[in-house]
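Structure first, commentary second.
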Amino acid sequence: MYEQLKKSLQEHVTLSDKEWELCKHSFRPKRMLKRQFLLQEGDVCRELAFVEKGALYSYSLDMSGNKRVIRFAFEGWWMANLQSFFTGKPTRLNIEVLEDSELLILDRKNHEMLLEQVPPYERYHRIIVQNAYVALQRRVENALGLTAEEKYERLIAESPAFLNRVPQHLIASYIGVSPETLSRVRGSYNR
Amino acid sequence: MSITKQTVAILGAGGSMGSAIAKSIAGGNYRLLLFDSDPKQLGELSQQIRDKHPEADTHFMSCPHETSWEADIIILAVPHEVEKELTDKIRDVATQKVVISIANPVDEDFEKLTTRPDTSAAEELQEWLPHSKVIKAFNTTFAADFEQPVIDGKQTDAFIAGDDEEALIIVSELVETAGFNPIIAGDLTVSGTLERMQLLLIQLTIKNNYKWHAGWKILH
Ligand SMILES: NC(=O)c1ccc[n+]([C@@H]2O[C@H](COP(=O)([O-])OP(=O)(O)OC[C@H]3O[C@@H](n4cnc5c(N)ncnc54)[C@H](OP(=O)(O)O)[C@@H]3O)[C@@H](O)[C@H]2O)c1
């Protein structure tokens, strides 16, 4: 139930057994099924979710109710709406379960307790947020001023095999092209 | 109230209290997971919920561990003496979750509590689930009160006790959805008082024949 979390922490920091126990007991293990919501638009994001197994995605809805995918999270990744988490303002995003998932959820109070009491966790969190910032910046760069072909090529080059698990219409939404365009681009790319 | 649905597990959902709670919150913004060690007990409940709340998001479960794993809030609607073996089955998936203790640990003759005077059923439950957020609630209301929470023109009070601020708010919302007036009475050590209040109400109910439809109300 905690393998991925332990692995993720160990990739970046070293924890004593006692620190690991404290971390472990701070998370709420939650199994969720496909199409359930971890967070819905209008609520404040008060928790950080770590994916032990399965997949989540976050998106906003445009005026006509179309999903605009912000990001995906697969096993070993974190998911939250950090903007709402840090500002305490209601989120405009939805976080939905893409595949039946096993999550470890950390609320703000425990997150802050860990930052204070487990110095390696603070370091780990800093690295995770740093990486998220870099990824976000790349995503903004990719979104602005690339052709559909270039966007798709970058996606293939940068994103791991996980993307095989995502339906095409969500990939199209993620890179900001219509499903028809994606299908055309994929056709010419595969040739 | 949050927009995102919370998942509530009721273990012992076929009993008087379990089914009363299930019916009373089925119309709220909750996904209900119902478990009973005797699934036959749930047959009627399913129909009753559907009749009253066709839109209810209710699921019947076959394993207390799975049920608790999917839940945000776990209600143990079983006798206190059964709670210990149940907590052994769910402990690893109850970490950091709100666990509601509704138990009144009264003896067979309704003469006294079976717990030591310096503790309570809720505090014992907290010892058995050291990483969960145990909250005392729903113990000062009879099962019949859920059908009619307004008695003699007054909305019955329902007392809540616990140590975690956010969990107390979550449970207050649940109690309100069930139709009662929630009153946060204090931290978990207040549970002993709440359990003794109900022992007294049981004794008076028997003596004065309140027909198991009675409750507490603070007048002020
Ligand atoms: N009744 C009230 O008005 C009232 C008011 C406040 C608080 N309470 C408290 O609520 C709790 C439940 O009381 P109740 O009146 O609802 O009792 P109940 O109608 O007898 O129901 C008890 C439930 O516990 C389950 N159970 C009993 N022994 C079990 C075991 N060994 N393993 C697993 N499950 C077991 C039963 O399952 P089966 O279906 O398999 O028998 C049933 O679902 C008690 O702690 C009581 O103090 C009751």
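Just so it is clear, the model here is predicted, and its values are computed rather than measured. The sequence lines fix the lettering, A, B, ..., with proteins before strands; numbering per chain opens at 1.
- B:L125 has its side chain within reach of B:L76: a pair of non-hydrogen atoms, C-beta onward, lies under 4.5 Å apart.
- Note that CG of B:N139 is 11.5 Å distant from CZ of B:R196, once rounded to the nearest 0.5 Å.
- Considering all non-hydrogen atoms of both residues, B:A167 and B:I135 come closest at CB-CD1, 3.7 Å.
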Check every N and O of chain B against chain A and note each donor-acceptor pair under 3.5 Å, with its distance.
| residue | atom | partner | partner atom | Å |
| --- | --- | --- | --- | --- |
| B:I3 | N | A:D43 | OD1 | 2.8 |
| B:I3 | N | A:D43 | OD2 | 3.0 |
| B:T4 | N | A:D43 | OD2 | 2.7 |
| B:T4 | OG1 | A:Q40 | N | 2.8 |
| B:T4 | OG1 | A:D43 | OD2 | 2.7 |
| B:E66 | OE1 | A:R31 | NH2 | 3.4 |
| B:W69 | O | A:R31 | N | 3.2 |
| B:E70 | OE2 | A:R31 | NH2 | 2.9 |
| B:D72 | OD1 | A:R28 | NH1 | 2.7 |
| B:D72 | OD1 | A:K30 | NZ | 3.0 |
| B:D72 | OD2 | A:K30 | NZ | 3.0 |
| B:Q96 | OE1 | A:N110 | ND2 | 2.9 |
| B:Q96 | NE2 | A:H25 | O | 2.8 |
| B:K97 | NZ | A:P29 | O | 2.8 |
| B:H131 | NE2 | A:H25 | ND1 | 3.3 |
| B:K133 | NZ | A:D107 | OD2 | 3.2 |
| B:D164 | OD2 | A:K109 | NZ | 3.0 |

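- Proximity to chain B (any heavy atom under 4.5 Å) is restricted, for A:L38, to the backbone atoms N, CA, C and O.
- Contact between B:G215 and B:T156 at its shortest, heavy atoms only, is CA-CG2, 3.8 Å.
- Ring geometry for B:F146 against B:F180 counts as perpendicular: the plane angle is over 60°, on a 0 to 90° scale with 30° as the lower cut.
- Remark: B:K112 NZ is loosely packed, at most 12 non-hydrogen atoms of other residues, nucleotides or ligands lying under 6.0 Å away.
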